[in-house]
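Residues take their numbers from the sequence shown, with the count starting at 1.
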Amino acid sequence: MKHLFISILIFCSLFANNLNERVITIGGCVTETVFALEMGQNVVAVDISSSIPNKVTQLPQVGYIRGISTEGILSMNPDKILTTTEMGPPKVVQQLKDAGINLKIFNAPKNYDDILSLIDDVATFLDVSKKGEQLKSELIELNNQINELKLDKPKIVFFMSPALGSYNAAGSGTRADYLINYIGGENIFTNDFKRYTKVSKEDIIKYNPDIILTGYVRELNKKEVVDIFKNSDEFQSVAAIKNNQLYGVSVGEVLNFGPSFVNTSLNLIKKINTVE
């Protein structure tokens with residue numbers, strides 16, 4: 001009986017310690033995955049790219065994933081840091097390791113399969129593998145729906161935070177390029193350049209996209225990035241404008257590559273398919 005009582009005390013102590021852990025998540029996909037696994041109660045700070053679920057935007061921020069500072073992180077006195085291979089600069093990563101903090105670096109997802117792998121890895125690290133399997137099952141079902149509803153190769157262009165006279169388009173190797181292919185489209189600039197490059201009005205008119213996706217960071221900019229194309233006389237001949245296939249999309253939602261990416265992609269397909 002005495003041994004049983006001691007075992008219970010040890011278990012309760014370990015459980016209490018886990019509940020009191022201070023965790024920092026750096027990278028929108030990691031933050032979202034931790035919360036989707038219902039393990040966000042210990043997260044005390046995130047980076048700027050973390051916006052899902054919405055409540056994490058109320059947490060303290062420690063900078064941007066590619067430009068993290070050691071001081072900002074250490075000031076939060078974390079027990080664990082969960083991040084991806086996109087975290088930088090390298091000297092900061094090394095400084096955090098040298099500080100003795102439990103720093104776990106996961107592979108940054110680049111596609112649907114990588115998202116499932118990230119869920120597996122985070123769930124294993126947090127010892128919630130069963131929740132991980134449940135979450136993956138939900139995504140697999142959504143992915144099956146996407147395969148059934150996929151677009152029939154329309155020409156699509158994605159602009160990152162466009163401004164009047166400045167059209168920064170996604171080329172090959174970008175997450176936007178993957179998004180376009182994932183929903184069944186063809187990126188009109190995928191063979192022209194890699195990453196993001198500014199293109200001219202003449203280029204847009206020449207390629208005549210069937211669908212235009214305009215990425216915005218803040219909700220208040222959604223109408224603005226859409227109106228740049230919608231209200232321009234020069235773009236009225238473009239198929240996407242004529243057929244009302246112009247969409248403002250949240251960069252945090254469509255390019256985050258966390259668990260919600262699949263459902264967001266499915267909703268985008270449905271929205272495009274309902275336009276007559």
Side-chain angles (χ1 to χ4, degrees), residues 26-29 31-32 46-54 56-57 61 63-68 84 86-88 108-110 154-183 185-190 192-236 238-241 244-258 260-261 264-265 267-269 271-272:
I26 300 173
C29 58
T31 299
E32 184 190 339
V46 297
D47 78 312
I48 292 172
S49 73
S50 299
S51 60
I52 301 174
N54 185 62
V56 304
T57 60
Q61 294 181 337
Y64 180 60
I65 184 169
R66 300 180 191 275
I68 292 295
T84 75
E86 292 182 332
M87 180 174 163
K110 298 179 180 178
K155 295 184 297 180
I156 302 179
V157 61
F158 184 102
F159 294 106
M160 178 69 78
S161 300
L164 194 62
S166 180
Y167 313 105
N168 201 26
S172 63
T174 61
R175 289 185 173 184
D177 184 60
Y178 178 78
L179 167 69
I180 290 170
N181 283 280
Y182 182 63
I183 65 176
E186 294 181 345
N187 182 359
I188 63 174
F189 291 118
T190 195
D192 290 23
F193 49 81
K194 296 181 179 180
R195 301 185 178 87
Y196 286 88
T197 299
K198 288 186 178 180
V199 298
S200 67
K201 290 181 179 179
E202 290 74 21
D203 288 329
I204 300 169
I205 294 170
K206 179 182 72 173
Y207 281 102
N208 192 29
D210 300 305
I211 298 168
I212 295 176
L213 303 178
T214 57
Y216 61 88
V217 177
R218 297 180 179 179
E219 183 69 27
L220 58 86
N221 297 126
K222 180 178 180 178
K223 185 176 185 300
E224 177 185 332
V225 298
V226 169
D227 286 348
I228 287 170
F229 299 96
K230 184 178 181 181
N231 296 338
S232 172
D233 291 338
E234 295 171 284
F235 291 127
Q236 295 308 306
V238 173
I241 307 300
N244 197 29
Q245 292 280 20
L246 170 62
Y247 303 94
V249 292
S250 167
V251 171
E253 292 180 0
V254 299
L255 302 185
N256 181 44
F257 279 33
S260 67
F261 170 80
T264 300
S265 298
N267 288 336
L268 182 57
I269 291 174
K271 188 180 296 184
I272 292 171

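In terms of heavy-atom proximity, Leu179 sits nearest to Ser265 at CD1-OG, 3.6 Å. Contact detail for Arg175 and Pro109: the closest heavy-atom pair is NH2-O, 3.5 Å. Between Ala169 and Phe193 the shortest heavy-atom distance is O-CE1, 3.5 Å. In plain terms, the two heavy atoms of Gly252 and Ser51 that are nearest each other are CA-OG, 4.1 Å. The two residues Ile183 and Ile156 make their nearest non-hydrogen contact at CD1-CD1, 4.1 Å. Shortest non-hydrogen contact noted between Cys29 and Thr84 is SG-CG2, 3.7 Å.
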Glu186 vs Ile180, side chain to side chain contact (heavy atoms under 4.5 Å, CB included): CA-CA, chis, key distance, verdict
CA-CA 6 Å; Glu186 294 181 345; Ile180 290 170; 5.6 Å; no
Verify side-chain hydrogen bond (donor to acceptor under 3.5 Å, both in side chains) between Asp233 and Gln236, making sure each step is shown before the conclusion.
CA-CA 5 Å; Asp233 291 338; Gln236 295 308 306; 5.3 Å; no
Working for side chain to side chain contact (heavy atoms under 4.5 Å, CB included), residues Tyr247 and Ile212:
CA-CA 6 Å; Tyr247 303 94; Ile212 295 176; over 6 Å; no
Evaluate side chain to side chain contact (heavy atoms under 4.5 Å, CB included) for Ile204 paired with Val157, printing each intermediate quantity in order.
CA-CA 9 Å; Ile204 300 169; Val157 61; 5.6 Å; no
Test log, rule side chain to side chain contact (heavy atoms under 4.5 Å, CB included), inputs Leu255 and Met160:
CA-CA 11 Å; Leu255 302 185; Met160 178 69 78; 3.6 Å; yes
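Side chain of Thr264 to main chain of Ser260: a donor-acceptor pair is present (N/O by atom type, distance under 3.5 Å, no hydrogens or angles). With hydrogens and angles ignored, the 3.5 Å screen pairs no side-chain donor or acceptor of Lys222 with any backbone N or O of Val249. Checking side-chain atoms of Thr57 against main-chain N and O of Asn54 turns up a donor-acceptor pair under 3.5 Å. With hydrogens and angles disregarded, no donor-acceptor distance shorter than 3.5 Å links the side chain of Asp47 to the backbone of Gln61.
Interatomic distance, CD1 of Ile65 versus OG1 of Thr31, reported as 8.5 Å (0.5 Å rounding). We find the CD1-CD distance between Ile52 and Glu253 to be 5.5 Å, quoted to the nearest 0.5 Å. Residue Ile188 holds its CD1 atom at 11.5 Å from CD1 of Ile211, rounded to the nearest 0.5 Å.
Taking the side chain as every heavy atom from C-beta outward, Ile26 and Ile68 approach each other to under 4.5 Å. Within the 4.5 Å cutoff, side-chain heavy atoms of Glu86 are placed close to those of Arg66. For the pair Asn221/Val217, no side-chain contact is recorded, criterion being any heavy-atom separation below 4.5 Å from C-beta on. Contact of the Ser172 side chain with the Asn187 side chain is not registered, since no non-hydrogen atoms from C-beta on lie closer than 4.5 Å. Residues Pro162 and Asn168 have side chains not in contact (no heavy-atom distance under 4.5 Å, counting atoms from C-beta outward).
Sorted by first and then second residue, the salt bridge (Lys or Arg N to Asp or Glu O under 4.0 Å) pairs involving residues 196-220 (not counting sequence neighbours) are Lys201-Glu234. Residue pairs meeting the ring pair (Phe, Tyr, Trp, His ring centres under 6.0 Å) criterion with at least one partner in residues 206-229, sequence neighbours excluded, are Phe159-Phe229, Tyr167-Phe229, Phe189-Tyr207, Phe229-Phe235.
No side-chain donor from either of Glu32 and Ser50 sits under 3.5 Å from a side-chain acceptor of the other. Side-chain contact annotation: Asp177 with Thr190, donor-acceptor N/O pair under 3.5 Å present.
For Lys155, the NZ atom is densely surrounded, since the number of other residues' heavy atoms within 6.0 Å is greater than 12.
Below 30°, between 30° and 60°, or above 60°: for Phe261 and Phe257 the angle between ring planes is between 30° and 60°, a tilted geometry.
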